[in-house]
Structures are given as C-alpha cells and as structure tokens.
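Reminder, nothing fancy here: chain letters follow the sequence lines and each chain counts from 1.
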Number of protein chains: 4
Amino acid sequence: MKRFRVGLVGADSYTGMELLRLVASHPRLTLTRATSKADAGKTLAEIHPFLQRTELAELIVCAPETKDLAKACDLVFSPDPEVTAQLLELKTRVVDLSPAFRLKDKAVYEEWHKTSHSSPKYLKETVYGIPEINASSIRRARLTANPGSYSTSVILGLLPALRLNLLKSGTIIADSKAGASEAGREACLPNLLCELYDSLRPCHPGSHYQTPEMIQEIQELGKKNMNIIFTPHLLPINRGILTTIYAPLRKGVEEARVRSAYEAGFRRHRWLRFLPEGVYPELRNVRGTMYCDVSLHVDKKAGMLTIITAIDNLCRGSAGQALANANLMLGMPVDIALRETPLTP
Amino acid sequence: MKRFRVGLVGADSYTGMELLRLVASHPRLTLTRATSKADAGKTLAEIHPFLQRTELAELIVCAPETKDLAKACDLVFSPDPEVTAQLLELKTRVVDLSPAFRLKDKAVYEEWHKTSHSSPKYLKETVYGIPEINASSIRRARLTANPGSYSTSVILGLLPALRLNLLKSGTIIADSKAGASEAGREACLPNLLCELYDSLRPCHPGSHYQTPEMIQEIQELGKKNMNIIFTPHLLPINRGILTTIYAPLRKGVEEARVRSAYEAGFRRHRWLRFLPEGVYPELRNVRGTMYCDVSLHVDKKAGMLTIITAIDNLCRGSAGQALANANLMLGMPVDIALRETPLTP
Amino acid sequence: MKRFRVGLVGADSYTGMELLRLVASHPRLTLTRATSKADAGKTLAEIHPFLQRTELAELIVCAPETKDLAKACDLVFSPDPEVTAQLLELKTRVVDLSPAFRLKDKAVYEEWHKTSHSSPKYLKETVYGIPEINASSIRRARLTANPGSYSTSVILGLLPALRLNLLKSGTIIADSKAGASEAGREACLPNLLCELYDSLRPCHPGSHYQTPEMIQEIQELGKKNMNIIFTPHLLPINRGILTTIYAPLRKGVEEARVRSAYEAGFRRHRWLRFLPEGVYPELRNVRGTMYCDVSLHVDKKAGMLTIITAIDNLCRGSAGQALANANLMLGMPVDIALRETPLTP
Amino acid sequence: MKRFRVGLVGADSYTGMELLRLVASHPRLTLTRATSKADAGKTLAEIHPFLQRTELAELIVCAPETKDLAKACDLVFSPDPEVTAQLLELKTRVVDLSPAFRLKDKAVYEEWHKTSHSSPKYLKETVYGIPEINASSIRRARLTANPGSYSTSVILGLLPALRLNLLKSGTIIADSKAGASEAGREACLPNLLCELYDSLRPCHPGSHYQTPEMIQEIQELGKKNMNIIFTPHLLPINRGILTTIYAPLRKGVEEARVRSAYEAGFRRHRWLRFLPEGVYPELRNVRGTMYCDVSLHVDKKAGMLTIITAIDNLCRGSAGQALANANLMLGMPVDIALRETPLTP
C-alpha cells in the first residue's frame, strides 16, 4: 500500500500531542516533520516523554519552515493560517487547525476575531471538515478547515433534526462543558490545576469565538433564521465536551418521530452512536475516540427538544477529526487508525 | 445568651456531616442528639474521623427515637418526613431536609414521587426555607421545608428578574452542574470514583424530582404560566452547583435595566453576590459558604437573558441553609456560624 | 493466521472492562464467552455503554458455567480460583487473575489470606506471569498466575538491581500510590467519589496481601534474606501505580554502575523504559499501556538506591499483562494488541 | 481587647490567599497592608473574587514598601527575605515565609540554594516556628522562620519518637505526597491542570531544598547522626501533604511502647491527633485546618517504625502555622482564628 508523508506544525500543543499519538499507530502515514518554535532541536521523546520507545521517539523537532515542509510532506496539519496559506501556494495539502478558514464570510470572521483576515482568497474553496457531512468534498479538497470542538459537538447533535426539518426557526441554546485541554496549553494562571480543580467556571459565555461557526453550519443544514446562544464551561478534567442542546420543535413533531430520525440518520455512521432510551452520554465512554454519543428527550408541553452529546474534544473535536480529514484527502478510508475502543475507567 | 438544644437525624449523610461541621462552631447551639440507624452506639468521631478532638467527638450516635428527640431538642434537622410529622405532634420544631414538604400541592408531589404523601396535613403551614425570600415566615414557623440545592441555585438566580417582572411568560431553561455529593452517600455503583472521575454525565435530565419545586416557586414569584426545563449533570468533584439559566426577557428590557435590578436586589443580602461585569461565578469561590454568586448577560437579538449562579450544594444548598432557617426559627440572627470565607484553592 | 477463542470470567470488573477494551482490537482472538453473575442475559453494550458499536457490543453475557467455558474457549481469563481449577481439569488453559496461585507456598497463602487453599495441587506447575522474567515458562504453561499490580511495579523496578546483585540483604521499602480502580469495583462506601476525591489515604499499610508475593519474587531473583515493607496508598484518580522503592546498595556500588545495569537490562524489553537522568516517571505517560517507566538515584552517604516506577495498574498491572501472558501461552508474539501509545493528557 | 495591625507581603500567592481567608475571621487582627508587585492598585476582591462582600474586599493592594509596612503594621508576614531584613531593621516583627531563615548554618543554606545568604546576621536569633516545639521562644521572637510544609509533616510525625529516644541512628525515609498548591502559583507549564490531572509525579526526588531543614530539626530533637532521604510527589489535588515515614527502631522497642509515647506526647496538643489503631490519616480529614493526623505501626521483624502523617499544606504547613506564630508573637493564645472543623467532603 502507498504510504504518505505528513507534517505537524505545533507539536507541543495538546492537539499536536494527540496527533502524535494517533499518527504513531497509523499504518500508512510517515511523520516526516514535527515543528515547534520553542523546542526546535530536541527529539519528540525529549519534549514528550510518553513517546519514548515508540517509532516517533527520535524524530528531531524543527522550527516551521514552509518550503521544507512542502518538500517533505504530502499533507501538513497546521494551526497557523499563514503557514497554511504558504503551503497552499506550494501545492501542499493542508488540514488547517485554526479558526481562520472555517467561516465562509470574511466579514463575520473579522467581526468576531477583531482582526483582518490574512488569506481570504482561500475561503471559497475551503471545506468544513466534518466527515459525516462533507466526506465527498473533503476527498477532493486541498484545504480542509478542521472544525472547532464545541462546534462539532453541537452540529453532530443537531444533524438529523436539521436534515429532516424537525425544528422551528428561532433560538437554539447550546450549553457545553469541556475538559481543560480545550483552553489550550498556554502557561497562564487560569490554566493552573489549583485554579480549576474541584471547581467549574464559564468561559466567555455569550461571546465565544466558535459561535458564528456553529450558526453558519446550522443555517447551512437547517434554516436561515436559526440562531444559537452558546455557553461553554471549563471542567476540572483533561478531555471531553458534553453539550446539552435545547431546540424548539416544529409544531406537532413528536418524540417518536425525532427518535426514528436519529436512529436512521446515525445508523450508517460508525462513530455516531444514538443511545438507547434511558441511557445518557458520559464523557468517559468516548475517551480517546471519534465517537459522538447522543441521547434526546422531548418536553411535550414546552415543545422543546433536549439533545445531549458527548465527544472527546482532543480526538473527535480536534486531532482525530483532522486525521480523518487527512485520511479522506489522501484517498484512504476515513477511519484508518481511528477505530479504538474507549479507555474507561 | 440563651443556648438551644438541637438534634440531627441522619448523621451519616453528607448533609449530616456538613451540619456537624457548622454546628461545631455555633456559639449558641448544643447538639444533644445525632442519630443514625446504621451507626448507633458509636461516637461521632468513630464514624467521622474529621471530628476527632472537636467538641462533638464523643457524642454517642443513637437510633432515631422520636420521643427522645422531642424531649432532648428544641429543634431537629430531619431528612425523614415520618420523623418530622411525629416531632410536630410532640410540639418540636423541625427543619425538614426531605422533599416531602416543599410542594404545597399534594397531587404534584404524588405525581412526581409516584407515592402517596404520608402527612399532607402539614403542607399548608410549611414555609419554604429560603431566608432571603421568606425570613419573616420562617421566624414564626414550626416546620420549615429546606429547599433542594438545585432549586436554590435556580430561584436565587431568578429572584430580581421575577420580582421586577422583567421576564416573558413561557419556558425557562436551567442547566445545572453539581458535585457528586448531590447524588448522596449511598454505596451504589454509579457513585464510585471510577464511575465519575474524569467524566461528566447528565442525571435524570427532563425528569428530576426538583423540577416541580422550582416551577412552584417561580410561579409564586413571577407569572402563573412560567415553566422550567431542568437538566442536572454530575461533576467529578465533591461540592457545588453551577447553574446556567436561559430566560426570555420581556420586549424592550435592556441589559442595563436588568443589571441595576440585580444590583439593587442583591445589595441588602450579604450572601447574594452580584459579580462585576466580566467576572463569572466559579464553584471554588463559594466553597463551604452560604454565598450565591451571580453574573448575567443579555443576547439582545434573541431577547434572552443568561444568568449564571454558583452555590455550595452542601452548605447553601442544604446544611447551611438548614442552619440559617434554624437560626431564624430560634430567634437568632440568620447568619450565626455562617460567616465563613470560602476555602480556596 | 490461526485465531483463538477466549473467555472472560467477571466481565463487570475493572479488569474485565480493560480486557474487553484490549481484546476488541486483537486481530487473532475471538471472545466467545463473557460471564457475570449479576448481569447474565444482557449484552456487553448494555452493561458497558463504551462498547456500543464495537464488535463486542452484541455478545450476550452469561453466568459462568465451567463446562461451557471449556468447550467454547481455548483459553479463559479467570478471577475465580475454583473456576480456574475446574477448567484445568477440563484441559483448558487459564490466566488466573486472583492471588490464589501466585504464592508457591500454600502455608504463606493461608497465613496471609486467613483461609485454606482450595486447589493447592496446581501451585507447583503455575508460572508467575511477568513476561520479561518468565516468557519461556509462560509459553509452555497451562496455568499462569497473573501478578498483582503492586507487585509488578515493585518487581520490574528492582529487576536489574537484583539480577546483577547490586543490593545488600535486609529491608527494602516500597511505597506505592495507586489509582482507585486498584480497590476494585465493589459498591461500598470507601470507594465513593466523595470519600476519595481531593484526598489521599493509605490502604492496609504494613499488611497488604500482595506483600508475600513481592517477597517471594524478590527472594527468587535476589537473596533469601531480603524483606519488604510495603505501604500502598489510594489516589483520587482512576488508574496507575507509582511506586517509590528504597533499597540498600552493596558497599561500593556507585550510581554509574547501577545506571548502566538498568540501561543494559531494559534495552531489550520494549515495555521497560529507563528514563534519561533528570526525567521521572509520571502516571500519565504510561496510561492505557504496558510500559513500566523507571528512574533512579543514589544517596551516596546513606548507601541507598531510590527507584521510582510507574505502570498502569489496569493494563500492565492486570488486564494487559494477562493478555500478554495469553499471547505467549497461545504461541503468539507477546505484544499483539499491546502496542498502544499512551493517551495523554 | 487590644487589636493588632498586620501586613501581608505577596497577597497573590496561595499562602497569601490562605492567610487572607484566616485573617478575615480573626477577631483581634486588622489587615492594614496587602502587597503584590503585579496587582498593586486593585482591591483584594478584584484579584481574589472569593473575598467579595467580606471585610477585606475593599482593601487596596499596594506594592511592597518596607517603610510604609513598618509604620502601618505591628507584624508582617513576608515571603521575601530582603523585605524581612529591612523590617527587622525598622523594629517590626516578622513571620518569614521563605526558606531563608530556617537553617541555622549559613553554609548549608548556601550549598542547597546555590546562592549566598543575604542576611546571615539574623540566623542566630531566628526561631523555627513550630508552636508545639518552640512556643515559648516564639512568644519572645521578633523573627520567626515559618517551617516548610513538608518539614512540618515530617517533624511532627517523628516528635514523640525522637523526644523519647525510640529510634536508632541512621537513615530515616520520608515519602511525601502533596497537593499541587505546594508547587506554588507560578504560571508555568508543569503547573497546568492538564499536566497534573489524573497523574502523579515525583518532584526533585533526593534533592528537595527542604531536606536540610528536616535534618537540622531531627538532629536537634534526636541524634546527631540521623539522616533523611526525602522524596516528595505532586498529587493532582489542591491541598494537603500525606507523608509516610520509615524509621529504624532501637533494639527492643516494641509497638506498645511507641503507641503510648505518641498518646502521651500528643494528648496536650489540640492540633496533634494520634489516631486509634486501624484508623489512618486521610487528607480530607485535615482540610483547611491546623490538625496533624498521625498513625503508626511497627514491622517487628525488620525493626522498622512506619509513621503516616497528614496535614493541610496551606493551613498547617504554611499560612495557618504562620498565623499561629503571629498569635504567639503578639501575646495572644496560639489558636485564635485556627479552631475550624475540617471541610469534608
């Protein structure tokens, strides 16, 4: 079988670490470059002792050099939109891990990020990388925008309801609870164990940058006048996002109909698990995997559908989804190296 | 100063442990009885080593005997509605910790608890024990129904908005995240550390028994056609409830007006802290105390108010509130032994 | 390639769950039986939602029937010594997960377990299943005694020092810190999250049942008059054992010599990682894997060697080691389905 | 009653936060100054939201100015040895929170800290501040060196054994497990939640800076040729130190004699709790308090005494002990504002 050469920009982030874990067991990918500004010159095992005695252990981390990356790699995972744009110029495929290419509308990006977009010309061709929704476009893409973790947990949860037009126009509420790795690996006070442990706190409630991304995709799949109020919270744990979604049902839509829409819609996607009635998503059941577990129930009087979803923010919400997108872009089955059983407890 | 004699039924529960902690430093209460069916005959220090070398250490735990309790106590904390009813017959004041006396409507109780009510005759006189709302009735009460923790976090969060009629009729969403002590101290599989740690799960979403209690109090303070959809989740931590509430604003009500309503409404209550803009509730900031921290923001386009509240479920949500109610019922200032600064980190 | 049929007794324990996770991705094993007294009749996915949509999901759990197990399986993982003995009678190979067959001396077993041994006749042929020590015997064994987790962390840590005779006779101290899964999945008060979280406690210090097993193996590898004082502690986390070992060096043995003994001794074992100087074992770096990470340093003045080891108690310390033993007993390479990279963070 | 004015240098550290919590409920201390280089100009409630609505909320944090501190305070808590020395020049009493004044021998300090001592002239008069050992000297001191947390847990655990000469000369092993607050509040990678959570790691094993402090005090209380091997570990929790100590008993000393030495030695100290046989220290039982819980057992064959101690590193190990020392230095009872019952769970 043909092997492909891949590169990883940002090998010292949590997403980078998870990509290293997954790529280490991929039978058809060879990691040829791993970059980090801070750690250039060290081996991967030196910056990540968990990689000792693995095949990746001795790879020397280098500073990110676009030309070198383009030459050495068939595809690059990049969290830096400027590196991404340069690689595209050099005809190298990219799975972009940043929020820069997720929004189709440059103006919306610039409003939420309070900055001008550095490479708007690529927005049109970029594919939003959720395999269950856009697999065929991803297969042909040279640039995939890897979705935000929170957005993934919201969009997958709403998918059958939007596709079968079960919801009313109006406001959907998404209340997310995420592991602290979702806040990144920056050495800042709020990320310290003693600031998070045995506690819980909201995180940019009402103004989180992933909100417009969710709205864009929801409106794409559903109706133009749908809106989202999004409140993320940070849990004192490592991984996972559990999102509770409250969405108004169209008049007359009953729970049985919603349930059968989810059963039918999820059956053909191996990573989407619609749980039996009375069973609810738990973060531990998706740990380290691509699974998205979903339960739902209807409040008949209020006409409101409550959907609960659980994903692993680092695997399904970030590195794993990036690898699934890379698998597709390189012409391989989507789930190579992504068939693990959750680690629990 | 006059001292009062109090009794505690259920000294082996988490609420019981928290009451022991608080009563231990109360200058005017003497614990004369602590009961436990399982541990009768042991000293408090034997069943709770954290109490060693405290004044409560050598008290012998006894089986609950109503007559004895009535004789030995001016007031009893009781999680058992049958004991409560018997104590009332014997003219002993009670702070009832169970859900049995919280709902004024026997039929609603019986519908949600799938059982008939054992002592409906006391429902009429019972006072719902939130000191900031019902202090004067509590002072005169012989039976106070200590509110549920979740309900406390919802009702306190909505208080100024309801009192000043800022909300529309319709559905309010309350999404709660609670420490595992909220699930009680029963030795069952779902409560084990390895079933909860590094995870998160919903807990009776859409059908939690505290829902009708919230609805009753919301309708009492606000409008008759208000409804609540309530989703509790269990955090892998000991204590605390953070609730995110989504409530539709009346047309034209702007954020500034809501903020000033909360500032004014909370100023005279020492335990209600309305946080400065940009500061959000965190569970650690209320640990071990009666504080309820509250922030809010408005989504103008959706006309939706998001309120975030944090309390300690064992102190404010249970034992501490019970003690505050007892303080009032015995004619003392509400906050004796309840003036602690949070333990953080 | 030939496939083998295996059975799992005790599918509802933590070791059982970990075996299910590992067997699910084993290319040459078919799980034909999974037993549980409490859950017979349910599917594996019903008792373990993390297994949904995996190949094991629909297997029906049955009550343990020895004859049926013997017929349906080439090898059985058994935590029940009586089932083990019956299976041996029926010519079925067993990896025994209990402590019953680990001690060669029936009298020592009976002294520490305060009970008579039910099947002493198998003690003689049983192989103590640490692959790095006994691989060739395990390959020929029909009964392997899977070692205790604590013992594994102690024995692997001491291995090169004992083999090269670097230690004095006398007392070795082993101070272990283990995740709560080490206490098992029994629904009892001490195992509740709220009894363990944000805390730490010793667990049978000075009298833990694995002590004689360590002493037996240490004396086997080293000297007859070596002794161990063992203190286990329970961490408020799921998995892992970190053991700090204090062992008196023979006179004149210097740190450099010890280091080279460990480098040489560990090099040919892929799961034994001797860490570079200044790097220390951390539980997260071995999570979900067979790795044993080891560091050491010498206090020259005291003539004392401190060895620190980290393993995953459920994988290396229990289910993973059992699978490695099964791999050997069935004539396969030891590390099939056991080559994972640690999940971190 | 006379009130005293105190100042706190380093109000943004974890020790600073704990001192603020304790001073807030002290009936005879007024906090007149709280300093922080980073946060000068803000109120205490702004940098510590847990202090909102407490008496300390509105105090303006200032940069540390020695003359101003000397004028405004009867006593200062100082983690900065240079500020300490200047305050002493200005005749202000100090509880020094740094390691600078704990070692009587300047050379030992300079060897372990690889730096020259800035104020050796104060070493002679400094009192090592463990109230149970040095209360009468502390009462007369103008400079108390607040002990290290680890050292406190070791010294208190050995106290009766050393005083009654129960131990042999030679090497004592102290294996400590501490909450992450023990690593301080610096915003660096190793302190992040995702680097510590669900894990455990050693921390400067064999070379921790508190080792010489322990040795000095052990030799002071016991014998000149006693030595300590000290291994600290960092737990993924906020607070607490559990230390397991292994000490060789003098020949012929039996467990009964050791137990009675501890019972007698601890009885008159309200914070030292010698636990009944079969009960072991747990961190939760000392949370937020000055208690030191101690259990012991003897391995007769090895002649080894195992002592297990638990303290709260921030209260007993740091801020609380500092306040106890201040209480003594200002002529008050040692335990004012330090009589709390542990918060558990």
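Defined by atom type and a distance below 3.5 Å, a donor-acceptor pair is missing between the side-chain atoms of A:D12 and A:H48. Side chains of C:K177 and C:T243: a donor-acceptor N/O pair is absent below 3.5 angstrom, by distance only.
Residues C:K42 and C:I47 come closest through the heavy atom pair CD-CG2, 3.6 Å. Scanning both residues, C:E182 and C:S149, for their nearest heavy atoms gives OE1-OG, 3.2 Å. C:A261 approaches C:P160 most closely through the heavy-atom pair O-CB, 3.8 Å.
Considering only heavy-atom pairs separated by less than 4.5 Å from chain C, the leading option among A:M17, A:E282, A:R185, A:R339 is A:M17. Top candidate by heavy-atom pairs under 4.5 Å with chain C, chosen from A:A180, A:P49, A:A24, A:S25, is A:P49. Ranked by non-hydrogen atom pairs under 4.5 Å with chain A, the options C:V279, C:L22, C:D198, C:T54 are led by C:D198.
Only the side chain of A:R239 comes within contact range of chain C, judged by heavy atoms closer than 4.5 Å. With a threshold of 4.5 angstrom between heavy atoms, A:L314 approaches chain C through side-chain atoms but not through N, CA, C or O. Residue A:T344 touches chain C through both its backbone and its side chain, counting heavy-atom pairs closer than 4.5 Å. Only the side chain of A:E340 comes within less than 4.5 Å of a heavy atom in chain C; its backbone stays farther off. At a 4.5 Å heavy-atom cutoff, C:E46 makes no contact with chain A through either its backbone or its side chain. For A:L272, the part sitting under 4.5 Å from any heavy atom of chain C is the backbone (N, CA, C, O) and nothing else. Heavy atoms of A:N238 lying under 4.5 Å from chain C belong exclusively to its side chain. Proximity to chain C (any heavy atom under 4.5 Å) is restricted, for A:E18, to the side chain, taken from C-beta onward.
Taking CG from C:N285 and CG from C:L275, the interatomic distance works out to 8.0 Å, rounded to the nearest 0.5 Å.
Inter-residue side-chain proximity for A:F4 and A:M332 is flagged as met; some heavy-atom pair is nearer than 4.5 Å.
Put simply, the residue from A:R316, A:R270, A:R163 that forms a salt bridge (charged side-chain N to carboxylate O under 4.0 Å, His left out) with A:E132 is A:R316.
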